[in-house]
Amino acid sequence: MLSVVRVHLPSEIPIVGCEITPYVLLRLPNGVISTDDVPEDAPVDGHFMRYRWYRIQSDRKVAICSVHPMEQATIQCLGCLKSKIPAAKSYHCSAKCFSDAWQHHRVLHERASSALNENGAEEEELFGRFGSGSSGILNSGSGSMSNLGQSPGINNGPVPLYPSGSDKNSGETWFEVGRSQTYTPTADDIGHVLRFECAAADTEKKIPVGPPTSIMTSRVIPAPTPTPRRLIQVNGDVLGHLDIDSQTSSFGTFMVLSYNILADAYATSDTYSYCPTWALSWTYRRQNLMREIIGYHADIICLQEVQLNHFEDFFAPEFDKHGYQALYKKRTTEVYAGVPHAIDGCATFFRRDRFSHVKKYEVEFNKAAQSLTDAIIPPTQKRVALSRLIKDNIALIAVLEAKFGNQGTENPGKRQLLCVVCQSPSFFNVYTVAMHLLDMKLFSKSFLLLFSTPHGLLAIGKVDQLHPDLAIDPLGILRPVSKLTHQLPLVSAYSSFARMVGVGYDLEHQRRRMDPGTNEPLFTNCTRDFTGTVDYIFYTADSLSVESLLELLDEESLRKDTALPSPEWSSDHIALLAEFRCKPRIRR
């Protein structure tokens, strides 16, 4: 007969909005052990698997620490209540917790005060895009709680509107909340323990055969939410801040996001031992990343380290729901030795109401490396040369046509084309792409390059003779250095912070987050082992200008002693966002 051998949970902590799919090991009537489900519409020998989820509610109130969501709160910040900050952000598990988090926490007070003074904005405008919703303290006995924070796409199956059981001695009541193997916790579950039950059931009688197998979760926690990042206006001599929640691209402008999201294949506990295992799980990170990315309201989104299976199964359909068209290019596999479906690549998404797709180009640097070694490297040294050049890197080049037009320019009837390049290259890769773009210059006048790359080659069009990479080039592949040049008028978008003339709190605050030597952010990648800048947005300054930039992170934004990824930020990189305006073309 069909029976359950073992059940266990994929993560020790259930989080609001993140699916839970318990691992259920079954013994089939023929004795075979299987992990495949046996649904009611495909029974085996007259039996199927029946699943139930219960929320265990008690009469006592539970408050969750906003910094350590696995801990119960013992103190509350009254300043948050006075500032009308959501109560969930006011709780802390200890005085030390509150003290350590103060540099981060006080930003909430400052922004709440600023928003109320300037426009009377309510807390939903400050925190709403991350779906914080819940108050963070529950009266479990009421049985009727808010659905704030519950995703409209969540479907946990039909459930009864009455308690399924109770224990008078403990004051606990069990509410049935789901009838499928997978369950997605909602805001109603915060602070409560969930119980999962599974049992073989008779197909005709619809009742379990024998006692169910059950397992309990820890208390459900709200999804940790980082402090929202503002857009900083940088056009002209004006520097101010904009509310990104209400910001949409104005006529003739568009916003571009670049984000290395950290592929799941690389997000291991060995590499990121400081990050809780539940916060490293893909079921959690994908939801957290999606909330963050959609909250930026970008017109064009370029993501790096996107696994092929995650693009097909998650990102493409999710972005489609939000009005984006998707393009993808996976890395080549000469070097890659992992699971084929988990290979990563670059993905570009653009809003269908703002742009139309004209052309897609795919650049595979392994092929260019092979051609180069065939042409200039002696046969006896080819293997060494290829081991240096072949890294499975690729570039995804998308040519888009703007639908918002170019009225007000000198050529109102001319098509407004934009070339967007997404890649993670080396010196050789940058040079190869630059040659492709120069060939395309007659086709498109506006270029956006979203790179993790050697900075100098793109920023000034040539390589510093003393660059350390040139010292480890025994075969002379990168020499003469004079050949590593390009003529594209590229400028780094974030260097606008360094070029701004003027004074003011916002300007000085951003300048302190910039490297004066490179005019780039102090970091875009921050782990325990490495902190530095490896991500950039470059644009052609003769056809585009920067209107605003997403503010940079610093030690105040990242909690004390925290590296990335973390429960709040689900990648080891930070997102970069720039708003551009198309320059009028002068008729010649």
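Numbers for residues simply follow the sequence, beginning at 1.
With hydrogens and angles left out, the side-chain atoms of T173 and Q57 include no donor and acceptor closer than 3.5 Å. No side-chain N or O of R285 forms a donor-acceptor pair with one of N288 less than 3.5 Å apart.
Rounded to the nearest 0.5 Å, atoms CG (N525) and CG (N260) are 7.5 Å apart. Within the model, atoms CD1 of I20 and OG1 of T283 stand 8.5 Å from one another, a figure rounded to the nearest 0.5 Å. Separation of atoms OG1 (T213) and CG (L26) is listed at 9.5 Å; rounding is to 0.5 Å. Here the CZ-CG distance, from F349 to L327, works out to 9.0 Å after rounding to the nearest 0.5 Å. Once rounded to the nearest 0.5 Å, the distance linking CZ of R219 with CG of D189 reads 12.5 Å. In this structure, CD on E318 lies 11.5 Å from CD1 on I293, to the nearest 0.5 angstrom.
Proximity of R179 to R52: side-chain heavy atoms (C-beta onward) are separated by under 4.5 Å at one or more points. Side-chain contact between I215 and R6 is absent, with no heavy-atom pair separated by less than 4.5 Å. Within the 4.5 Å cutoff, the side chain of L28 has heavy atoms near those of the L2 side chain. Between V44 and P29 there is a side-chain heavy-atom pair separated by less than 4.5 Å. Under the 4.5 Å side-chain criterion, counting only non-hydrogen atoms from C-beta, V16 is not in contact with I221. The closest side-chain heavy-atom distance from D344 to V306 is not below 4.5 Å. For the pair H192/Y54, no side-chain contact is recorded, criterion being any heavy-atom separation below 4.5 Å from C-beta on. Within the 4.5 Å cutoff, the side chain of V534 has heavy atoms near those of the T524 side chain.
Between the R229 side chain and the E551 main chain, a donor and an acceptor come within less than 3.5 Å of each other. Here the side chain of Y328 pairs a donor or acceptor atom with the backbone of L308 at under 3.5 angstrom. Judged by distance alone, the side chain of K330 and the main-chain N or O of I394 form no donor-acceptor pair under 3.5 Å. In terms of modelled atom types and a separation under 3.5 Å, the side chain of Y284 and the main chain of P567 share a donor-acceptor contact. For the pair T217 (side chain) and L194 (backbone), a donor-acceptor distance under 3.5 Å is present. At distances below 3.5 Å, at least one donor-acceptor pair connects side-chain atoms of Q307 with backbone N or O atoms of A265. At distances below 3.5 Å, not a single donor-acceptor pair connects side-chain atoms of W278 with backbone N or O atoms of P14. Looking at Q181, its side chain never comes within 3.5 Å of a backbone N or O of T21 through a donor-acceptor pair. Side chain of R352 to main chain of Y324: a donor-acceptor pair is present (N/O by atom type, distance under 3.5 Å, no hydrogens or angles). For K84 (side chain) and L81 (main-chain N/O), no donor-acceptor pair under 3.5 Å exists by modelled atom type.
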>> Checking S180 against Y51 for the side-chain contact (heavy atoms from CB on, under 4.5 Å) test, could you report, in this order, the C-alpha distance in whole Å, the side-chain angles of both residues, the deciding distance, and whether it holds?
In response: CA-CA 5 Å; S180 64; Y51 304 104; 5.7 Å; no

> When you look at D572 and R528, which way does the salt bridge (Lys or Arg N to Asp or Glu O under 4.0 Å) test go after all the steps?
Replying inline: CA-CA 10 Å; D572 55 347; R528 286 277 173 87; over 6 Å; no

> So R286 and E19, salt bridge (Lys or Arg N to Asp or Glu O under 4.0 Å) or not? Walk me through it.
Replying inline: CA-CA 11 Å; R286 69 178 186 179; E19 289 183 353; 3.5 Å; yes

>> Please determine whether side-chain contact (heavy atoms from CB on, under 4.5 Å) holds for the pair S570 and E292, giving the CA-CA distance in whole Å, both sets of side-chain angles, and the decisive distance to 0.1 Å.
In response: CA-CA 9 Å; S570 288; E292 179 188 358; over 6 Å; no

> Stepwise, does the side-chain contact (heavy atoms from CB on, under 4.5 Å) test hold for Q287 with I15?
Replying inline: CA-CA 10 Å; Q287 298 294 341; I15 306 107; over 6 Å; no

>> Would H310 and I261 count as a side-chain contact (heavy atoms from CB on, under 4.5 Å) here? Give the steps.
In response: CA-CA 12 Å; H310 295 160; I261 62 170; over 6 Å; no

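When the side chain to side chain contact (heavy atoms under 4.5 Å, CB included) test is applied to D202, the partners found at least two apart in sequence or on another chain are H47, E204, K205, V209. Scanning for ring pair (Phe, Tyr, Trp, His ring centres under 6.0 Å) contacts around F355 gives F254, F404, with sequence neighbours left out. By the ring pair (Phe, Tyr, Trp, His ring centres under 6.0 Å) test, Y272 is found to be paired with no residue, residues two or more places apart in sequence or in another chain being considered.
For an aromatic pair to be called close, the ring centres must be under 6.0 Å apart, and W102 with H109 satisfies this.
More than 12 non-hydrogen atoms from other residues, nucleotides or ligands lie less than 6.0 angstrom from CZ of R195. Atom NZ of K329 is surrounded by more than 12 heavy atoms from other residues, nucleotides or ligands within 6.0 Å.
What you find for E40 and P43 is that their closest heavy atoms are O-CD, 3.4 Å. The two residues C93 and T74 make their nearest non-hydrogen contact at O-OG1, 2.7 Å. Nearest heavy-atom pair across A298 and L257 is CB-CB, 3.8 Å. F319 and L303 get closest at one heavy-atom pair: CE1-CD1, 4.2 Å. Taking every heavy atom of both residues into account, A575 and Y296 meet most closely at CB-CE1, 3.9 Å. Heavy atoms only, all atoms of each residue included: P212 and E197 are closest at CG-OE1, 3.9 Å.
Partner of T268 under the side-chain hydrogen bond (donor to acceptor under 3.5 Å, both in side chains) criterion, out of T271, D270, D264: T271 alone.
Classified by interplanar angle (parallel below 30°, tilted 30° to 60°, perpendicular above 60°), the ring pair F314/W282 is perpendicular.
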